[in-house]
> 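The following block contains the structure, expressed as structure tokens.
Lettering follows sequence order; numbering is per chain, from 1.
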2 protein chains.
Amino acid sequence: MFKNIWGHLMAVKSERTREMLASVALGMFREIGFEKTTMRAIANEAGVSVGNAYYYFASKDDLVLELYEQVQNEHAAHASHTIEGLEGFGDRLKAVLHAGVDVMAPYHGFGGDFISTAIRPSSPVNPFGDQSAPAREASLALFHAVVKGASPALPEKLRNDLPELLWLAYMGTTLFWVHDTSENQQRTRRLIDGLVPLIAKGISLAKIPGVNRIFDDVLNLARSIRA
Amino acid sequence: MFKNIWGHLMAVKSERTREMLASVALGMFREIGFEKTTMRAIANEAGVSVGNAYYYFASKDDLVLELYEQVQNEHAAHASHTIEGLEGFGDRLKAVLHAGVDVMAPYHGFGGDFISTAIRPSSPVNPFGDQSAPAREASLALFHAVVKGASPALPEKLRNDLPELLWLAYMGTTLFWVHDTSENQQRTRRLIDGLVPLIAKGISLAKIPGVNRIFDDVLNLARSIRA
DNA sequence: CACATAATTTGAACATGTTCAACATGTTGT
DNA sequence: ACAACATGTTGAACATGTTCAAATTATGTG
């Protein structure tokens, strides 16, 4: 009966060590950047040994994954709330993209090193890889929600594949954001505000037969290329 | 009269040391990858000291820049030759993109680390940065040539900005190529073969008024977002 | 409780990218 | 030829990510 209490308490303590490490690491990433956040400094600040940090995180990159997951979850929470009142496809998409920029903002200085880590196919943070699947799913769900809840509804045949394409556009936006050195990343904001109506208008053109055929081709290409 | 001969010979010798280092490094990148190619191994293989390698290349990333430049130059040489006989815009674009994949092929294993380095805004290899300007210009010129030499000629208003957008698409293709684990990167080939006709058809739709307006919007957005 | 097993923690050790003061060699002006 | 200067070269030293055998602490068992 009682024998598991200590087990449980330890599980909690273990969890707490892990969370302490993550919290310290993320804070340092934000405040002083990737390079200055050395594993020794993290361990030191968290009050554990270097080796112990590696007991909880297999590599420094795994701490970046932790950051990625937290940011994606925050994005999901934040955005799913803001799109609730919005009906138009464009408005919903815009809200989700802006929410993404909002959530990432504190980490903009860290962005370069983040994306450099994330883009390496062998990295745990790679958004297409296995280890980041939970974060990716959370993000993808957001774009499914954008499409599903839109009114007027989007063309039937788009509803399956569009979310993934939008997620891809979101990845592109992030890439742009990382390189955006303008004050408060205003250029990224303008990109979003300019791009979204274009996507919306583009989709509305699907009614024109000639254009419609191209849409089919795009969708087919996207499908045939996927893994 | 003669006093400069030695100066010249030394300049040549210095150049040779540099080239030896570059050649050794690039070969090792190809054969054993980025991580196993240590600065010590490079220096050793080239028959110089570690410090001496740093006299010629400020960092390991600078050796990656060297690779980037050589590959882009090879691409320019190879592609400008192959498009000579081709008239159609699609054929020309396809040829240039395939030539790119051909030239990069030996380095596919290295691609992940390469792009991870290249995408960091602070990296000398960053394709949007100052240090890689020569390589970027060589590549951009290729897409200007694709557009300029196309027959039937492309719409007047596209001729200025299209090359840059095509170059961007090329960057995207490269990103795809890096993650492409299919045999001989065949999926990248299929992406190119599928994407190019779509671009060509898309452009031909500019005749339709409704579509034409969107084209203007895209071009305006692209212009307003640029630096 | 005593012991075995599992989970957690430590810090020294290693390989690597990079720096730098010292040295060596080549160049130029007188 | 000599002295100043410029160019090229060396290897030891440093900081950092990562590994690992050993120590410590917690849990389960008889």
> Within the 4.0 Å heavy-atom criterion, would you say B:Val50 contacts the bases, only the backbone, or no part of the nucleic acid?
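B:Val50: base contact, heavy atoms under 4.0 Å.
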> Just compare C:dG17, C:dT10, D:dG17 and give me whichever is closest to any side-chain atom of A:Val48.
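From the listed options, C:dT10 comes nearest.
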> Taking the side chain from B:His179 and the backbone from A:Ile119, do they hold a donor-acceptor pair closer than 3.5 Å?
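Pair found, side chain donor or acceptor close to backbone of A:Ile119.
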> Counting just side-chain N and O atoms, does A:Tyr55 come under 4.0 Å of either OP1 or OP2 of C:dT9?
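No, no such contact exists.
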> Measure CG/B:Leu63 against P/C:dT18 and give the value in whole Å, please.
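About 9 Å, once rounded to whole Å.
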> Would you say CD of B:Gln186 has more than 12 non-hydrogen atoms from neighbouring residues, nucleotides or ligands within 6.0 angstrom?
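Result for CD/B:Gln186: enclosed.
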> Can you tell me the distance, in whole Å, between the CE atom of A:Met39 and the C1' atom of C:dT16?
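The answer, rounded to whole Å, is 17 Å.
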> Base, sugar-phosphate, or nothing for B:Phe57, non-hydrogen atoms under 4.0 angstrom?
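Nothing, no nucleic acid heavy atom in range.
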> Give the rounded distance in Å between these two atoms: CZ of A:Arg40 and P of D:dA15.
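Going from CZ in A:Arg40 over to P in D:dA15 covers 10 Å.
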> Answer yes when B:Asp102 and B:Arg189 have at least one side-chain N-carboxylate O distance shorter than 4.0 Å, and no when they do not.
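Salt bridge flag = yes for B:Arg189 with B:Asp102.
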> If you assign A:Gly51 and B:Glu35 each to the DNA chain C nucleotide with the nearest heavy atom, which residue ends up on the more 5' nucleotide?
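Looking at the nearest nucleotide for each, A:Gly51 comes out on the 5' side.
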> Taking only the side-chain nitrogens and oxygens of B:Ser49, find out if one of them lies under 4.0 Å from OP1 or OP2 of D:dT9.
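No.
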> Rounded to whole angstroms, how far apart are OH on A:Tyr54 and P on C:dT8?
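For the pair A:Tyr54 OH and C:dT8 P, the rounded distance is 19 Å.
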> Evaluate the ring planes of A:His108 and A:Trp177, with Trp represented by its six-membered ring, and classify them as parallel (under 30°), tilted (30 to 60°) or perpendicular (over 60°).
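Judged by the thresholds at 30° and 60°, the geometry between A:His108 and A:Trp177 is perpendicular.
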> Any side-chain donor paired with an acceptor under 3.5 Å for B:Ser59 and B:Asp62?
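The answer is yes; a qualifying pair exists.
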> Measure the distance from CG on B:Leu21 to P on C:dT18 and round it to the nearest whole Å.
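Answer to the nearest Å: 14 Å.
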> Over how many whole Å does the gap from A:Ile42 atom CD1 to C:dG11 atom C1' extend?
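Atom CD1 in A:Ile42 sits about 17 Å away from atom C1' in C:dG11.
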> Do any side-chain nitrogens or oxygens of A:Tyr56 fall under 4.0 Å of OP1 or OP2 in C:dT9?
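For A:Tyr56, the contact criterion (side-chain N or O under 4.0 Å from OP1 or OP2 of C:dT9) is met.
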> Ignoring the backbone of A:Ser59, work out which of D:dT18, C:dG17, C:dT8 is nearest its side chain.
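Among the listed nucleotides, the one closest to the side chain of A:Ser59 is D:dT18.
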> Would you kindly give the NZ-to-P distance between B:Lys36 and C:dG17, to the nearest whole Å?
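Atom-to-atom, B:Lys36 to C:dG17, this comes out as 14 Å.
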> For D:dT10, does either OP1 or OP2 sit under 4.0 Å from a side-chain N or O belonging to B:Asn52?
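So the side-chain polar atoms of B:Asn52 do come within 4.0 Å of the phosphate oxygens OP1 or OP2 of D:dT10, strictly under.
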> B:Asp61 has an atom CG; how far is it from atom P of C:dT18, in whole Å?
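Computing the B:Asp61:CG to C:dT18:P distance gives 7 Å.
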